[in-house]
Amino acid sequence: METYTNKEELAYEKASRRVKELKGFYGNLTSYCLVISFLAVLNFLTSPQYLWFFWPMLGWGLGLAAHAASTFGIGRDWEERKIKQLMDEERRNTKSL
């Protein structure tokens, strides 16, 4: 029964981390949309001849793209395989003692 609880706890922790990652990304995306929209309106109202809001949109957008890449999978398979490999090695080392 203890191994079931450990597996269940491990699955819960993994799911919990994933939810936090997703929540962080969607929070960042929501902030980006709201703030950039506000800056665009402010730009058009105060100095429509120079569209400066593109600069923060570009900078934050690059950061948001990197956040999306890390949240939605670039490298995620590698991480999972490496974690599994390290856990398997640890099990083998524990058994050999």
query: How many angstroms lie between CG in Leu62 and CE in Met57, if you round to the nearest 0.5 Å?
result: 10.5 Å
Single-linkage hydrophobic cluster, 4.5 Å side-chain cutoff, Leu58 and Val41 together: no
statement: Separation between CG (Asn93) and CG (Asp88), nearest 0.5 Å, reads 11.0 Å
- prompt: Heavy atoms, side chains only, cut-off 4.5 Å: are Thr30 and Phe25 in contact?
  reply: no
- request: Output, in order, the C-alpha distance, side-chain angles, deciding distance and verdict of side-chain contact (heavy atoms from CB on, under 4.5 Å) for Phe72 and Leu22.
  value: CA-CA 9 Å; Phe72 294 110; Leu22 290 169; 3.5 Å; yes
- prompt: Hey, any chance Trp55 and Leu39 share a hydrophobic cluster, counting ILVMFWY side chains that come within less than 4.5 Å of each other, even indirectly?
  reply: yes
message: Give me the atom names and distance for the closest heavy-atom approach of Gly61 to Tyr32.
response: N-CE1, 3.6 Å
- prompt: Is any side-chain heavy atom of Trp60 closer than 4.5 Å to a side-chain heavy atom of Ile36?
  reply: yes
task: Taking Thr46 for its side chain and Leu42 for its backbone only, find out whether a donor-acceptor pair lies under 3.5 Å.
output: yes
Heavy-atom side-chain proximity of His67 to Thr71 below 4.5 angstrom: yes
message: Can you confirm whether Gln85 sits close enough to Glu89 that some side-chain heavy atom of one is under 4.5 Å from a side-chain heavy atom of the other?
response: yes
Shared hydrophobic cluster for Tyr26 and Val35 (ILVMFWY, side-chain gaps under 4.5 Å): yes
- line: Heavy-atom closest pair (Asn43 atom, Tyr50 atom, distance to 0.1 Å) is ND2-O, 2.9 Å
